[in-house]
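All heavy atoms count here, side chains included; hydrogens, waters and symmetry mates do not. Note that ligands are numbered from 1 as they come in the structure, with each ligand's atoms numbered from 1 the same way.
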Amino acid sequence: MTDATQLAARLDDAVRSGLPIPQLSLETALSLDEAYDVQRAGVDLRRRRGEQVTGVKLGFTSRAKAEQMGVSDVIVGVVTDAMEIVDGGIIDIARGVHPRVEPEVAFRLGESVDPTDPAIDLANAVTDVAPALEVIDSRYRDFRFSLADVVADNTSASAYVIGPWQSIDDARATDGLAARAVELAVDGVTGETGSTEAILGDPMAALPAIQRMAARHGHELPAGAVLLAGAATAALPLQAGTTFTATVAGLGAASLRVAGGNAHE
Ligand code: OOG
Ligand code: MG
């Protein structure tokens, strides 16, 4: 077994047990490229269990998020069908370590794209856009990590909810996607507010970033893939018995009901 496979197995055990582990970087010097190898090995484990990759996600596209977590670089991770929850669906937090939720913007690809092809502009392959919620759940104790740690941990990806899709052309025709108000509400009460501008100045800017990162780190971008552009506000801890709703002005809302007892940490 390679180191990457071993490290990925430790993270995968933490996902499945809900029990946090110490940061890998405390014991193993991990470069960013090695961290992406660990991420890939973890996704391979999921694939072998029958999960299918549904898309990719960007992390730390917003300054509020980067400051919340004390890091400064954009990162990319992978989402699978096992992480997808229908809009208005239920998540059981008893399964998680210390899950948090954040409001996002999601894109959908109408055709498959080779990110390494310099002639391709990923934005031209996007057909739809939607409001979304992402559940992040670091497998590290106290939700603390270095950039390499969080990359190895598949960027804390845990679950996601996509609200109603609408045509990207229609959505952009009315005022573009930048500077749209974003709200994360808890049982209908405003929790966090922000703007889509927090996502690299304009969520459309997430697309070249995804293309660049996917090319560099070997992520695939097939037709139908979901692209999560990153959070527009800081994340809130999931609480059992509550409903979280992300609303993006002009795009609508995505919501998630939280069931279960306490998370593990
Ligand atoms: C890493 C994931 C960051 C985002 O939208 O910025 C992320 C984390 O905060 O644990 O998903
Ligand atoms: Mg996110």
Side-chain angles (χ1 to χ4, degrees), residues 11 14-15 20-25 30 32 35-36 38-39 42-43 54-80 83-85 91 93 96-107 129-163 177 182 184 191-192 194-203 205-207 209-210 213-214 217 219 226-238 244 246 248 254 256 263 265:
L11 286 160
V15 173
I21 61 170
Q23 294 173 47
L24 299 180
S25 63
L30 266 187
L32 214 46
Y36 276 103
V38 177
Q39 181 188 116
V43 173
T54 48
V56 297
K57 57 160 285 191
L58 275 189
F60 304 137
T61 43
S62 111
R63 202 176 308 139
K65 279 285 311 181
E67 276 170 10
Q68 182 183 26
M69 306 318 300
V71 300
S72 58
D73 254 351
V74 171
I75 56 178
V76 65
V78 174
V79 291
T80 72
M83 300 181 192
E84 190 178 351
I85 297 173
I91 187 168
I93 53 168
V97 183
H98 36 209
R100 299 176 178 176
V101 63
E102 52 194 25
E104 303 225 358
V105 169
F107 296 104
V129 62
L133 283 166
E134 190 194 12
V135 177
I136 51 170
D137 190 14
S138 175
R139 270 55 74 166
Y140 301 116
R141 204 166 284 152
D142 303 324
F143 225 113
R144 295 183 54 146
F145 41 69
S146 69
L147 201 62
D149 283 321
V150 67
V151 163
D153 187 23
N154 193 19
T155 66
S156 309
S158 182
Y160 66 95
V161 180
I162 306 288
L177 289 183
V182 177
L184 177 59
E192 293 280 336
S195 159
T196 50
E197 198 184 350
I199 305 167
L200 296 175
D202 180 338
L207 297 170
I210 287 174
M213 302 291 282
H217 301 294
H219 295 82
V226 169
L227 314 173
L228 287 165
T233 72
L236 292 176
L238 281 190
F244 288 85
V248 181
L256 178 65
E265 193 182 88

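In this structure, Met213 CE and Ile75 CD1 are separated by 7.5 Å, a value rounded to the nearest 0.5 Å. From Ile210, atom CD1 reaches atom CZ of Phe107 across 7.5 Å, with rounding to the nearest 0.5 Å. A distance of 5.0 Å separates CG in Leu11 from CG in Asp153, rounded to the nearest 0.5 Å.
Within the 4.5 Å cutoff, the side chain of Ser156 has no heavy atoms near those of the Asp137 side chain. Contact annotation: the side chain of Val78 never approaches that of Thr54 to less than 4.5 Å [non-hydrogen atoms, C-beta and beyond]. Looking at Phe244 and Val135, their side chains never come closer than 4.5 Å, going by heavy atoms from C-beta outward.
Contact residues of ligand 1 (protein heavy atom closer than 4.0 angstrom to a ligand atom; sorted by chain and number): Lys57, Leu58, Gly59, Phe60, Lys65, Met69, Glu102, Glu104, Glu134, Ile136, Phe143, Phe145, Val150, Thr155, Ser156, Gly230, Ala231.
Under the side-chain contact (heavy atoms from CB on, under 4.5 Å) criterion, Ser25 pairs with Gln23, Ser146, Asp149, sequence neighbours left out. Scored by the ring-ring contact (aromatic ring centres under 6.0 Å, His included) test, Tyr160 finds no partners at all (sequence neighbours excluded).
Ring pair His217/His219 is perpendicular by interplanar angle, where above 60° counts as perpendicular and below 30° as parallel.
Counting only protein N, O or S atoms, the number found under 2.8 Å from the Mg ion (ligand 2) is 3.
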